[in-house]
There are 2 protein chains.
Amino acid sequence: MNVETPIWRQVRAAIVAEIAAGEFPPGTPLPAEKLLAERFGCAIGTIRRATDGLVAEGALTRQQGRGTFVAGHTPERSFRFFHLRPADGRPLLPDTQFLDFARLKATPAQARALGLAPTAPLLRARHLQCLAGEPAMLEELWLPETLFPGLDGQRFAGRPGTVYDLYQREFGLSVTRIEEQLRAIAAPARIASRLGLAAASPVLMIERVAFAVDGKPVELRLAWADTTSLAYFNSRA
Amino acid sequence: MNVETPIWRQVRAAIVAEIAAGEFPPGTPLPAEKLLAERFGCAIGTIRRATDGLVAEGALTRQQGRGTFVAGHTPERSFRFFHLRPADGRPLLPDTQFLDFARLKATPAQARALGLAPTAPLLRARHLQCLAGEPAMLEELWLPETLFPGLDGQRFAGRPGTVYDLYQREFGLSVTRIEEQLRAIAAPARIASRLGLAAASPVLMIERVAFAVDGKPVELRLAWADTTSLAYFNSRA
DNA sequence: CCCAATTTGTTCGTATGTATA
DNA sequence: TTATACATACGAACAAATTGG
């Protein structure tokens, strides 16, 4: 009479909920598999089944002999979502130049993308990503103010690590999935000049929505990339 | 004393090899897990572990009560690699207009991308992908002649299903993974006119290498997409 | 229509190997 | 060395879906 959801899914959901609730800050180990099995009243294999997906997504990392850890948004981890590389495919860490920070109202399209009420208050941060010292991509980050209480330009620009690391450490929002739309457009004048391009040069425009472990959208990001000597790398199995 | 590769990896490799050798044509069921366990002298769980990855990649499909099948390249399956959609994200099957077919020599860059000797003979097919009746993307397919013996324009254009279905049915090459590079460029005159665009309009250029189950590169594909009312959709966990 | 055989899906428990502290 | 934790592997049982009689 088991038409219910499998135990491993229930366990997975429970663990995700605990992580999303901030019970295990990034870098801390989950209870050992044996303990989890006891706590949830199931077999160790079921615990593994439940965590396998999280490990594959990068939300957890397992280390033989040490434990299972909630993945922090180290540069390498965030890098999973950074697709811009030189033509040879060699991964290159970008460095970021902060531009400005503002508080605005959502447009209908933005509200829809983030699942918010129309004209909900948003925070907007803009910065420039540089690769090998050259301006590579201009980015606009749009954040629901309710999810990022008290965030301002100082705290944003003064963060130590990556943007997603900030979301996770300070607001308990762990980005694990993104959805992107890519288009080729003629660069608007303001953007072209920031990238050191002639006006109306073709640029790669990226529209991203980032989701937290629990599936909630937490960020809308618009980006304009100069792909004359770089490319957006994607690989699918 | 087990420093060797795990059994499940060996089993996986063996199954992949058999599929690549054409022992199980697409659509046919693999031997039941119990049989495979006996044949390989291991437990059923180990068989499942071995096939889990193939299922995730879409090379196999499991159906409770029926069996485990070698996935054919149905339109839906090939669709996993088709990323162009209207802005609303609604998936839309393209239809294809054949343009031409030729036999040429590889450029150094093409040979490198396909892992071939310089100036190896290549087959080139060109076609136009249309979405909702409108020209959406121009594609150039470059194929190593040695992998596609006897392929010509007639057989290419006259195929019943998708391109990848042709590769699999007639040449035993099952595409399971692709790597892509995306760039925004100004459309060359010939391409712009095919897409019904003004010369030098921004288009999304896609460079793809497709790999078979066994990891061998089998196709180099260049594509130019009109993204004025379409977008390239990508999602990563 | 029901029944039985087959096949995958889920879950359990256990044992051993290997890496870490 | 010892204890802990994950990695691999085995075997068993039952559930659920499918198929064919």
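Protein chains get the first letters and strands the later ones, always in sequence-line order, with residue 1 at the start of each. These numbers come from the heavy atoms of this one structure, side chains and all, not from hydrogens, waters or symmetry mates.
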Legend entry - Along DNA chain C (nearest heavy atom to each residue), the more 5'-positioned of Pro6(A) and Gly65(A): Pro6(A)
Inset, instruction - Return the nearest nucleotide to the side chain of Ala43(A); candidates are dC12(C), dT8(C), dA7(D). - result: dC12(C)
Inset, instruction - Consider the side chain of Ala32(A), meaning its heavy atoms from C-beta on, and name the nucleotide among dG11(D), dA7(D), dA5(D) that approaches it most closely. - result: dA5(D)
Inset, instruction - Give the rounded distance in Å between these two atoms: CD1 of Ile7(B) and P of dG17(C). - result: 12 Å
Legend entry - Check: His83(B) ring centre within less than 6.0 Å of Tyr232(B) ring centre: yes
Inset, instruction - Return the value, rounded to whole Å, for the distance between atom CD1 of Ile47(A) and atom C1' of dA7(D). - result: 16 Å
Inset, instruction - Verify the contact: side-chain N or O of Thr46(B) to OP1 or OP2 of dC10(D), cut-off strictly under 4.0 Å; return yes or no. - result: yes
Legend entry - Given DNA chain C, 5'-ward residue of the pair Gln63(A) and Lys34(B), judged by closest heavy atom: Lys34(B)
Legend entry - Separation of atom CD1 in Ile44(A) from atom P in dG11(D), rounded to whole Å: 19 Å
Inset, instruction - Tell me whether the guanidinium CZ or amine NZ of Arg159(A) lies under 6.0 angstrom from the six-membered ring centre of Phe156(A) and within 45° of its axis. - result: yes
Legend entry - dA5(D) phosphate, OP1 or OP2, under 4.0 Å from Arg62(A) side-chain N/O: no
Legend entry - Arg48(B)/Glu33(B) ion pair, N-O < 4.0 Å: yes
Legend entry - Check: Gln64(B) side chain, dA16(D) base, donor-acceptor under 3.5 Å: yes
Inset, instruction - Using whole Å, report how far CG of Leu30(A) lies from C1' of dT4(D). - result: 16 Å
Legend entry - Nearest-Å distance for atom pair CG/P, residues Asp52(A) and dT8(D): 10 Å
Inset, instruction - Return the value, rounded to whole Å, for the distance between atom CZ of Arg48(A) and atom C1' of dC12(C). - result: 16 Å
Legend entry - Sidechain-backbone polar pair: His73(A) side chain, Val163(A) backbone, donor-acceptor under 3.5 Å: no
Legend entry - Nearest-neighbour nucleotide for the Trp8(A) side chain, dT11(C), dA9(D), dT8(C) considered: dT11(C)
Legend entry - Spacing of Leu36(B) atom CG relative to dT8(C) atom C1', expressed in whole Å: 12 Å
Inset, instruction - Just call it for Gly67(B): base, sugar-phosphate, or nothing, with non-hydrogen atoms closer than 4.0 Å on any strand. - result: sugar-phosphate
Inset, instruction - Tell me whether the centres of the aromatic rings in Phe24(A) and Phe69(A) are closer together than 6.0 Å. - result: no
Legend entry - Residue Arg66(A), side-chain heavy atoms: nucleotide from dT8(D), dA19(C), dT20(C) that is nearest: dT20(C)
Inset, instruction - Measure from CZ on Arg49(B) to C1' on dA9(D) and round the result to the nearest Å. - result: 10 Å
Inset, instruction - Tell me whether the OP1 or OP2 atom of dT7(C) has a side-chain N or O from Thr68(B) closer than 4.0 Å. - result: no
